[in-house]
Visitor: 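Take this structure, written in structure tokens, and hold onto it; I'll ask about it next.
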Amino acid sequence: MSFAVEVKTELCRVPLSRKCCIQAEAYGVLLYCNTFNAGEVRIVTENEAFAQRLPALFKKAFRLTFDRLPEGGGKQIFAITAPEKLIVVNQTFGSDLRALALHLNFAVVEETCCRAAFLRGAFLAGGAVTDPRKGYHLELATSHHSVSREVLALMRELDQEARAAQRKGNAVIYFKQSEKIEDFLTCIGAPIASMQVMNAKLERDLRGKVNRRVNCDAANLDKAVEAAMVQVEAIRRLDVVGTLITLPDKLREAAALRLAHPEDTLAQLAERCDPPITKSALNHRLRKLIELGKKP
């Protein structure tokens with residue numbers, strides 16, 4: 001089951017209780033479904049939970065049934081074509097379905113609960129969201145451009161700061177930030193999905209931090225290995241030319257420890273000294289050995 005299916009399934013578990021919210025949700029479905037005009041209401045969905053919710057939603061919102069119901073799996077089509085039923089829908093929302101452009105009737109979404117229900121219906125009919133483990137994108141798409149602009153204003157009143165775009169003749173409202181997607185999902189009644197987005201972000205952030213730490217540690221290890229090789233090479237040159245045996249005891253001790261433990265860090269070598277010394281002191285001795293090794 002995809003994340004988008006999970007989200008819509010969770011939304012369809014929200015009870016159909018208050019009449020005002022039921023009508024607001026149905027209004028969202030109508031303005032974001034496939035067809036809503038003077039001649040037809042046509043809703044196409046592949047989401048089983050939404051398909052099961054639609055008949056009950058329209059029965060409670062308008063006291064009417066669909067003239068066409070799904071005949072099988074895959075894309076499920078619901079339609080209303082009877083003129084008397086379309087008049088009922090028209091009168092419920094004060095819409096003029098014969099107008100060139102539909103507009104959002106703000107009187108239907110005056111209450112905060114009704115606004116959330118409206119956006120839930122809009123998402124169920126025309127919404128999509130990506131799996132947060134792969135990326136962050138949530139959108140609402142409708143062919144009614146005026147409606148989209150008005151819904152964008154409505155969302156901003158709810159502190160839902162979305163962006164707008166045009167795609168293939170549709171008006172699209174979308175979110176790209178995980179926090180805003182979380183807020184929107186919580187607002188419309190999908191808190192579990194919102195938590196999944198939050199957890200996915202935390203997991204990605206943690207994985208990123210671990211990767212950066214591993215890369216940093218690997219880089220530091222590479223530097224340490226490279227430095228140790230330079231030190232070993234200098235010490236061996238000093239030994240070949242007979243200079244090593246003439247050096248002070250502290251330098252000869254540092255040289256012997258580095259040759260014996262080429263994989264050790266400075267801190268580990270410093271602990272092996274007798275008595276143990278600081279990392280800084282050992283580093284100074286090894287630098288001195290490298291300088292002497294460069295002399296002809």
Side-chain angles (χ1 to χ4, degrees), residues 1-4 6-7 129-139 159 161-163 174-186 191-296:
M1 183 184 297
S2 70
F3 181 69
E6 290 180 15
V7 173
V129 62
T130 59
D131 188 329
R133 293 171 297 182
K134 299 178 182 178
Y136 305 121
H137 182 86
L138 183 148
E139 68 176 40
D159 294 326
E161 291 295 330
R163 297 179 181 179
Y174 66 95
F175 298 99
K176 283 289 189 181
Q177 294 79 23
S178 62
E179 295 84 359
K180 293 179 180 179
I181 294 174
E182 293 165 20
D183 292 343
F184 181 79
L185 291 176
T186 300
I192 296 175
S194 178
M195 285 296 298
Q196 286 182 262
V197 175
M198 185 182 300
N199 290 337
K201 183 177 186 301
L202 291 173
E203 183 178 335
R204 290 179 69 177
D205 288 347
L206 179 59
R207 186 180 295 113
K209 289 179 180 178
V210 170
N211 287 339
R212 286 192 294 273
R213 181 61 183 270
V214 169
N215 291 338
C216 181
D217 288 346
N220 289 337
L221 180 59
D222 289 342
K223 290 180 181 178
V225 169
E226 184 178 349
M229 291 176 63
V230 171
Q231 295 159 5
V232 169
E233 184 179 349
I235 293 167
R236 286 175 176 167
R237 278 201 302 268
L238 291 172
D239 189 31
V240 168
V241 299
T243 304
L244 184 61
I245 196 172
T246 65
L247 297 177
D249 292 344
K250 292 180 179 180
L251 291 181
R252 284 191 286 112
E253 180 188 35
L257 287 173
R258 174 48 82 198
L259 289 175
H261 307 282
E263 75 288 349
D264 276 9
T265 63
L266 287 177
Q268 291 171 327
L269 279 184
E271 285 293 321
R272 294 181 184 276
C273 290
D274 186 19
I277 59 175
T278 65
K279 186 172 70 171
S280 176
L282 180 63
N283 187 47
H284 176 74
R285 296 178 186 180
L286 291 171
R287 284 180 178 275
K288 184 65 175 178
L289 289 169
I290 293 174
E291 291 176 7
L292 293 172
K294 291 179 180 179
K295 292 181 180 180

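Values below: all heavy atoms of this structure, side chains included; hydrogens, waters and symmetry mates excluded. Index from 1, following the sequence.
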Visitor: Can you list everything that forms a side-chain contact (heavy atoms from CB on, under 4.5 Å) with Thr265? Sequence neighbours excluded, please.
Guide: Ala267, Gln268
Visitor: For a quick test of reading the model, state the closest non-hydrogen atom pair linking Ala200 to Pro132 and the distance between them.
Guide: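 In this case the closest contact between Ala200 and Pro132 is CB-CB, 3.7 Å.
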Visitor: Given Leu292 and Thr243, is the side-chain contact (heavy atoms from CB on, under 4.5 Å) satisfied, shown in steps?
Guide: CA-CA 9 Å; Leu292 293 172; Thr243 304; 5.7 Å; no
Visitor: Other residues, nucleotides and ligands only: do more than 12 of their heavy atoms fall within 6.0 Å of CD on Glu226?
Guide: no
Visitor: Looking at OG of Ser194 and CD1 of Ile181, how far apart are the two atoms once the value is rounded to the nearest 0.5 Å?
Guide: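 Rounded to the nearest 0.5 Å, the OG-CD1 separation comes to 10.0 Å.
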Visitor: Whether the Gln196 and Glu6 side chains hold a donor-acceptor pair (N or O, under 3.5 Å, no angle test) is what I'd like checked.
Guide: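 Side chains of Gln196 and Glu6: pair found under 3.5 Å.
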Visitor: Are the side chains of Ile235 and Ile290 in touch, meaning some heavy atoms are under 4.5 Å apart?
Guide: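 Counting from C-beta outward, Ile235 and Ile290 never come under 4.5 Å.
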Visitor: Check the pair Leu238, Ile245 against side-chain contact (heavy atoms from CB on, under 4.5 Å), reporting the backbone distance first and the verdict last.
Guide: CA-CA 8 Å; Leu238 291 172; Ile245 196 172; over 6 Å; no
Visitor: How far apart are the closest heavy atoms of Leu282 and Ala254, and which atoms are they?
Guide: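 So the minimum-distance heavy-atom pair works out to CD1-CB, 3.9 Å.
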Visitor: Are Met195 and Ile192 close enough that some pair of their side-chain heavy atoms sits under 4.5 Å apart?
Guide: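 Side-chain contact under 4.5 Å: no.
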Visitor: So, Glu179 and Lys201, do they make that salt bridge, N to O below 4.0 Å?
Guide: yes
Visitor: If you look only at pairs with a residue in residues 279-293, which of them pass as a salt bridge (charged side-chain N to carboxylate O under 4.0 Å, His left out), with sequence neighbours excluded?
Guide: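 For residues 279-293: Glu253-Arg285.
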Visitor: Do other residues, nucleotides or ligands put more than 12 heavy atoms under 6.0 Å from His284 NE2?
Guide: no
Visitor: Taking the side chain as every heavy atom from C-beta outward, state whether Asp239 and Leu259 have any pair of such atoms under 4.5 Å apart.
Guide: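 Result no, sub-4.5 Å side-chain heavy-atom pair not found.
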Visitor: Would you say the side chain of Val129 lies within less than 4.5 Å of the side chain of Phe3, judging by non-hydrogen atoms?
Guide: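 Result yes, sub-4.5 Å side-chain heavy-atom pair found.
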Visitor: Do the ring centers of Tyr136 and Phe175 come within less than 6.0 Å of each other?
Guide: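 Judged by ring-centre distance (under 6.0 Å), Tyr136 and Phe175 do not meet the cut-off.
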Visitor: Which heavy atom in Asp131 sits nearest to a heavy atom in Arg133, and how many Å separate them?
Guide: OD2-NH2, 2.8 Å
Visitor: Could you measure the distance from the CG atom of Leu244 to the CG atom of Leu251? Nearest 0.5 Å is fine.
Guide: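 Separation between the atoms: 9.0 Å.
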Visitor: Closest approach of Thr130 and Gly135, non-hydrogen atoms and distance?
Guide: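 Closest pair (atom of Thr130, atom of Gly135, distance): OG1-O, 3.1 Å.
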Visitor: Indicate yes or no: at least one non-hydrogen side-chain atom of Leu257 is less than 4.5 angstrom from one of Arg252.
Guide: no
Visitor: Less than 4.5 Å apart, side chain to side chain, heavy atoms only: is that true for Lys176 and Leu138?
Guide: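 Answer no - side chains too far apart.
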Visitor: Is any side-chain heavy atom of Leu247 less than 4.5 Å from a side-chain heavy atom of Leu289?
Guide: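 Result yes, sub-4.5 Å side-chain heavy-atom pair found.
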